[in-house]
Amino acid sequence: MFQLETAENPQTLRRIAIDPLTRIEGHGKVTLLLDDAGRIHQVRLHNVEFRGFEVFIEGRPFWEVPVTVQRLCGICPVSHHLAAVKAMDIIAGYGPLPPTAEKLRRLMHYGQVLQSHALNFFHLASPDLLLGFDSDLTRRNIVGLVQDFPEIAKQGVLLRKYGQEVIRHTSGKRIHGTGAIPGGMNKALTAAERDELRRDIDQMIEWTLAAVHMVAALHRTKPEFYNHFGEFDSSMMGLVDERGALDFYHGGLRALDKDGATIFDHVDYSTYESVLEEEAKSWSYMKFPHIRALGPEKGWYKVGPLARVQTCDFIPTPLADLERKKMVALGAGKPLMGTLFFHWARLIEALHAAEVIRDLLDDPDILGTDLMADQGERKGEAVGVIEAPRGTLFHHYRVDENDQVSFCNLIVSTTNNNQAMNEAIRSVARTYLDGRELTEGLLNHIEVAIRAYDPCLSCATHALGQMPLQVDLVDCEGKLVARNWHNMRPAE
Amino acid sequence: MLHVAPTPARKKVRIATTSLSGCFGCHMSFLDIDERLIELVDLVEFDRSPLTDIKHCGPCDVALVEGGVCNAENVQVLRELRANAKVLVALGACAVNGGLPAQRNHLDVGDCLTRVYCDRTGGKVPDDPELPLLLDKVYPINEVVRVDYFVPGCPPSGDAIWKYLTDLIFGRIPRLEHPMLHFD
Ligand code: SF4
């Protein structure tokens, strides 16, 4: 049983809802149940949306899937595009991709990581960190950032733009492009496009490095607070390459426990079902995955930037690896578990993505025109996995002899983080909200923890529908004691 | 590119945005106006939006709606926007005609839920009262409220959104020329 997951007598408690969660992607709400003394008995993050992708994709031709699945998520469409196409490469019987094709896919993906990380940090989360968790809610957003920190806001906007332009040049469109096809790529990069991207990349590296330093400096202002906000122990999972290096595009699965000891390593992701299992709970459309061997109570884990930079042995670009070492050193041998470290790790990854983009643009292969692999024998089933900006993303398909999809299972990044996000907000509720009078600023602390995970509730509700998040505080009689509107006007 | 000089004297146009059953791609495309976002801050103020912490919308000039209507909560949010906004815009394929999520419309929703939650995890379909009731189908927003303008595209490009918004802000009839009018 998870602490604070289920109150014993919900009927007797007061409910407070944070609904909808804002400055995240997708739809969700948080509910809190409180007793008369303001003690918290239950905290839940609900994904309230159901879309049903896994079901209606059945019957569709397999070659269409890498384009359609992008509509799960407009923030990381490239991740779904590439996870699906990696599975379809195998199903269509293609062998290893020619170097140019794989490098173009990597370029697209690292562009995506850069734009998505910039979006989460600058457009969505940084107003909390730079303006204050309980600052004026009408200004605690990108507009307030533009007004008070114009230079930082401008850099954020241009970093995201750059990542989007990388995607456009490799896939034809900034959002929901079509670059990757089973067996390779449908578009080469022209010298003019390469030169245009190369012109600004050094600037992007400089700005992402400055952003890492900014977050490190913020941390130094209140180290105790940053170390422990939303802190809880958990296992971590991510893809690493054969050397144990961070790789967003391809690798084996590695999971470490809370002390950094190996749970499994270099697991071939096509066998993910042998190591992972999913569970459903009545109060969320988002499922709860866990490591099979450890069971649902102990086997949950986190994914995404903070998990990745600590599960890998090193980051294969120099500036990012140096920054990684500096951050990880703060744990003195123990993995860092504070929720706000996600932002620091995310910016280190953005820096890494920018360095990789530069290296790919400098690689002569990138202008090649050999874009398709050789075709061999068709297969009926395949799994494609990628490290999406928010963490490990699984696409699993079976295709019948008419080329129609007959089975689809997706475990998206945010779903992997479901239990971890619930634990993060319970930790925050215990430390900052329990027994207090709940102000808007205090309730925003809950959202700050959720934003650190950069959840994409659009993806996570691929099942069918859509996910609102709301925080509710309810008393022991299950009665709404006092409704805190948290930036909402009371309904007329 | 249209350049808009900041005009501090002018009353700011108040904009609300929401994502119903969309993928957030239309909101991302809105952010694809890039540096023009900084200009926009001088021209508009935001009401309810996933980009702000205002959770319910108040009286506003323009509401941009992404996504179709798939559950009871979407209906409420959409009606609240319509009641408050002078001009309501259906932004993108999902709002205009249901988009890709409407592919579930030929299936029975109960059946979908059973297949996703029972057959795969051996569990139960989530049924907590905190979860909004799913509708039988995904509906385009004009089947629920009156819509003033429709912008096609999945998503409409950042340039198209900028053109539309600045037309509205400066009191012109919004219009997309052919190169900007896309349906993909
Ligand atoms: S129209 Fe396209 S981009 Fe917009 S929400 Fe729908 S699927 Fe996403």
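The structure presented is a predicted model; accordingly, all values stated were derived computationally and were not measured.
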[X] to [Y] - nearest heavy-atom pair and separation:
| X | Y | result |
| --- | --- | --- |
| B:Asp34 | A:Arg160 | OD1-NH1, 4.4 Å |
| B:Cys23 | A:His176 | SG-NE2, 3.5 Å |
| A:Glu25 | B:Phe24 | CA-CE2, 3.9 Å |
| B:Met28 | A:Leu119 | SD-CD2, 3.5 Å |

Measure distances from [X] to the heavy atoms of chain B and classify the residue's part below 4.5 Å as side chain, backbone, both or neither.
| X | answer |
| --- | --- |
| A:Leu158 | side chain |
| A:Gln147 | side chain |
| A:Lys281 | backbone |

Measure the spacing between CG of B:Asp53 and CG of A:Asn444 and express it to the nearest 0.5 Å.
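Spacing of CG (B:Asp53) from CG (A:Asn444) equals 5.5 Å.
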Using side chain to side chain contact (heavy atoms under 4.5 Å, CB included), reason through A:Lys154 and B:Ile38 one step at a time and then give a plain yes or no.
CA-CA 8 Å; A:Lys154 190 188 92 190; B:Ile38 292 161; 4.2 Å; yes
By a 4.5 Å heavy-atom criterion (distance strictly below it), what part of [X] contacts chain A: side chain, backbone, both, or neither?
| X | result |
| --- | --- |
| B:Leu51 | both |
| B:Ser49 | backbone |
| B:Cys94 | neither |

Report yes if some heavy atom in the side chain of B:Ser29 is under 4.5 Å from a heavy atom in the side chain of A:Lys173; otherwise report no.
no
Of A:Val143, A:Leu137, A:Ile142, A:Asn141, which meets side chain to side chain contact (heavy atoms under 4.5 Å, CB included) against B:Thr52?
A:Asn141
